[in-house]
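See below for the structure under consideration.
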Amino acid sequence: MTDASTILDGLNPAQQQAVMAAPGPVLVLAGPGSGKTRVLTSRVAYLIGVHGVDPHHILAVTFTNKAAREMRDRLDALLGPGEAAALTVGTFHSICARFLRRDIVHLGRERDFAIYDTDDQLRVMKRVLRDLNLDEKKHAPRAIHAAISRAKNELIDPAAYSRHARTYFEEVVARCFARYQELLRDANALDFDDLLVETVRLFEQHPTVLERYQERYAFLLADEYQDTNRAQYVLLKHLASRHHNIFVVGDEDQSIYAFRGADIRNILSFERDYPQAQVILLEQNYRSTQAILDVAQAVINRSAQRRREKRLWTRNGKGAKVQVIEGYDQDEEAQLVAGEIARLIASGAYQPGDIAVMYRTNAQSRAIEEALIARQTPYIIVGGTRFYERKEIKDALAYLRLALNPFDDVSLSRVLNWPPRGIGQRTQEDLERRAGAASVPLYVALQMLAADAEAADQAAPPAPARAEEMSLRARNALLGFLALIDEAIDQRRTLPLGVLMDWLFERVGFREALRREYGDEEGDDRWNNVMELRNVAENYATLPRENQLPTFLEEVALISDIDTLQEGRNAVTCITLHQAKGLEFPVVFLVGLEEGLLPHSRSTDDRDALDEERRLFYVGATRAKERLYLLHAFRRAAYGRAEVATPSRFLHDIPPDLLQHAPKRGYAAAQQASMFTNRAAALRNPGRDHAPPAAIRRSEPDGPREVSFFAGQKVRHAHFGEGIVVSSKLVEGDEEVTVAFVGKGVKRLLASFANLQRAEE
DNA sequence: GTACGTTCATTTTTT
DNA sequence: ATGAACGTAC
């Protein structure tokens, strides 16, 4: 038993009140930087250490796996290592996956289900469209899938959806929905949404199972309650309906996941759901300076929706003014960020790890990344192409998934002909047709083929009399693949995970295939990724052998990029606003504050969506502890084309005296560029006073040692006429100059051949 | 059956 | 700008 004072130490009265609240429903409305995560953890520690609750009876839902891990670490510090080991903590999805792995048999399904990620889901969706003879061009798979996902998050099943379908689109979705679920079921797979939906179904159809969970998890806690969707809400409600010991923490102003079904009403109606609920407000902010809070609140206070007003305050003092900086285009914007970062680091006041750059869309990370590379500033990009979405990783996982669940059609068709083994599109379609005709998974179709083949061999003269003839070659290729899968299934039963992987990759010829496909260099890079996956497997070596593979696959499917973000790398963090939730940094740069980007163009004509963009800004701004920079660009490239950008309306919502505007360095370049008719040149030319490309530092043994052309120079070419240098770099002992010619477009030329004349300065 | 080149559409955010 | 989907050539 732990002393209460250790747990309550350093908490303010409101926080203590929350931590010590009597068991029963508790709603903690907590502003950003109010220590809500700390309160949540302390509450768990308090239940265990002071109330003497067995950790085995506590279920804590966090928003990310990373938060779950951090909670565990902090509990170890508060209670002593291992004291809280029996605690259940994780995201909704991972917790549901656990529940289902134990109890999905009650729903008449097999235990070793696959979990389909976005990519897998889309593949199923395309198969659905093919099955239903719908044209992919006319019915965007993504749109239909999004509609299905939305329905699932609201616990609407195909039948109910079909009943309420009104428009043609909804009719189509209804038919796709039904088929989609059929295919998932046949493949013994669940998609992300199913994890929640099926758990709810489990509870609703099997009261005795629900009771068991209610007894087991007598104490419930949930973080980021404002971001729960209908399914998650119902799930918690079921679990809590016996003991009512539910402690939720959230902030309606930080609700930014409506697009995946989060329903702000869940938090607004908590008091109606649990009339005895205690409500605690945490309004003191410990994170940010007043200057930062003022800016954040100025934007959120303009929301169209009515909100429960919180009065955020801080003792942190006024702090530095929030700076607004305009760049000419996204590249200059990025350069200004990188330059300011370099200045902050050089001043000695900050380290790279203290700094974050945040943006609305992942695509924006690229310019930032390039600018940071040019400055040789260490950085990490959170998100983008995730490790587990790389092709070679997904292929490796597909084999492993098949070893556990051969009915997994998505995985099977993924590696059916990878590495190439002579099974082309035609043969694959043939196999799919057979599977479809018998309504069985592809694996079973393969088995049927094998049985046929055996029968045919026994009928002495090999007369291909059957109607469904398939070339012997194709058949043998398919049977070879079947043998491979069956071997894998066999090996899986006896080998520990790591050894299984070694065996599998060897048997498949994984490394050779990668080298053949991508060349030695990239092939080895990709193979190293696979080896990294192999290393991850070591973390599961201590589990009972039969649990290693399923647990590994489950966690790998549900991991998010933020989960692997490690502190201590001391690098600038580049991250989307969504992923930044829950994090904090001394210095934050918010880039792309333009109409169409923040707020995003997809949200500008809907009031609720626009409010959510506001909250997104709010979340981003309140990540900053000491310094906040708001950047926007004069021109922004979208779809390769650049358009003039309007500064975000959010900037206008901030009283001018709260902001400090930096001089507009980009305009000179803009004016210069606008003199030329060639649009591309105008858009890409950052102006002559900028540093030449970094490549100039790279010296080559022969040829020029540095570039002799610079962006912005006027040049003349015998054939193309007048132009403007866009960029120049050294390539293999020569200088490659990119020039935008008036009326002739952008050309890449080698200086040694092109005979470019420098025009008059 | 595969490899390559062309066209085209495409981008919000995530478990 | 990048990638997927299609068509043509081996």
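Values in this document were obtained by computation on a predicted structure and should not be read as measured data. Naming convention: chains lettered A, B, ... in sequence-line order (proteins, then strands); numbering from 1 in each chain.
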Problem - Flag for A/E252-A/Q254: side-chain donor and acceptor within less than 3.5 Å - result: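 No - no donor-acceptor pair under 3.5 Å links their side chains.
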Exercise for the section: May I ask you to check whether A/D117 and A/Y388 show a side-chain donor-acceptor distance below 3.5 Å? Expected result: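 Note: A/D117 and A/Y388 side chains miss the donor-acceptor criterion.
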Practice task
Find out whether the Lys NZ or Arg CZ of A/R526 is both under 6.0 angstrom from the six-membered ring centre of A/Y518 and within 45° of the ring's axis.
Solution key: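 Satisfied, under 6.0 Å and within 45°.
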Rounded to the nearest Å, what distance is computed from the [atom1] atom of residue [X] to the [atom2] atom of nucleotide [N]?
{"X": "A/Y116", "N": "B/dT14", "atom1": "OH", "atom2": "C1'", "answer": "20 Å"}
{"X": "A/E612", "N": "B/dT13", "atom1": "CD", "atom2": "C1'", "answer": "8 Å"}
{"X": "A/L610", "N": "B/dT13", "atom1": "CG", "atom2": "P", "answer": "18 Å"}
{"X": "A/D193", "N": "B/dT15", "atom1": "CG", "atom2": "C1'", "answer": "8 Å"}
{"X": "A/N362", "N": "C/dA1", "atom1": "CG", "atom2": "C1'", "answer": "16 Å"}
{"X": "A/L196", "N": "B/dT14", "atom1": "CG", "atom2": "C1'", "answer": "13 Å"}
{"X": "A/R130", "N": "C/dA5", "atom1": "CZ", "atom2": "C1'", "answer": "13 Å"}
{"X": "A/I559", "N": "B/dT15", "atom1": "CD1", "atom2": "P", "answer": "10 Å"}

Handout entry: Sugar-phosphate only, base, or nothing, as touched by A/Y257 at under 4.0 Å among non-hydrogen atoms
Key =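 Touches sugar-phosphate only.
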Exercise for the section: Write down the distance separating the P atoms in B/dT11 and C/dC6, rounded off to the nearest Å. Expected result: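 My reading of the P atoms in B/dT11 and C/dC6 gives 16 Å.
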Exercise for the section: Could you please name the option among C/dA5, C/dT2, B/dT15 that lies closest to any side-chain atom of A/H93? Expected result: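 Comparing C/dA5, C/dT2, B/dT15 against the side chain of A/H93, the answer is B/dT15.
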Problem - Per A/R260 side chain, nearest of listed nucleotides C/dA5, C/dA1, B/dT15 - result: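 When the side chain of A/R260 is considered, B/dT15 is the closest of C/dA5, C/dA1, B/dT15.
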Exercise for the section: Would you please classify the geometry between the A/F192 ring and the A/H93 ring as parallel, tilted or perpendicular, with 30° and 60° separating the classes? Expected result: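 Aromatic pair A/H93/A/F192 classed perpendicular.
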Practice task
Give the ring-plane orientation class for A/Y233 versus A/Y225, where under 30° counts as parallel, over 60° as perpendicular and anything between as tilted.
Solution key: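 Taking A/Y225 first and then A/Y233, their aromatic rings sit tilted (interplane angle of 30° to 60°).
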Practice task
Identify whether a stacking contact exists between A/F259 and B/dT14, where the ring centres must be under 5.5 Å apart and the planes under 30° apart.
Solution key: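 No, A/F259 does not stack on the base of B/dT14, since the centre distance and plane angle fail the 5.5 Å and 30° test.
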Practice task
Kindly give the heavy-atom pair with the smallest separation between A/A296 and A/F617, and that separation in Å.
Solution key: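 Closest approach of A/A296 to A/F617, heavy atoms only: CA-CE2, 4.4 Å.
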Handout entry: Whichever of A/E613 and A/L558 has its nearest DNA chain B nucleotide further upstream toward 5'
Key =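 This one resolves to A/E613.
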Fill in the blank from the handout: Letter by letter from the 5' end, nucleotides 1-11 of chain B scores (B base, S sugar-phosphate only, - none; protein heavy atoms under 4.0 Å) SS-------BS
Can you check whether [X] has a side-chain N or O nearer than 4.0 Å to OP1 or OP2 of [N]?
{"X": "A/Q579", "N": "B/dT14", "value": "yes"}
{"X": "A/T576", "N": "B/dT14", "value": "yes"}
{"X": "A/K152", "N": "B/dT15", "value": "no"}

Handout entry: A/R414/A/D120 salt bridge by N-O under 4.0 Å criterion
Key =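 No.
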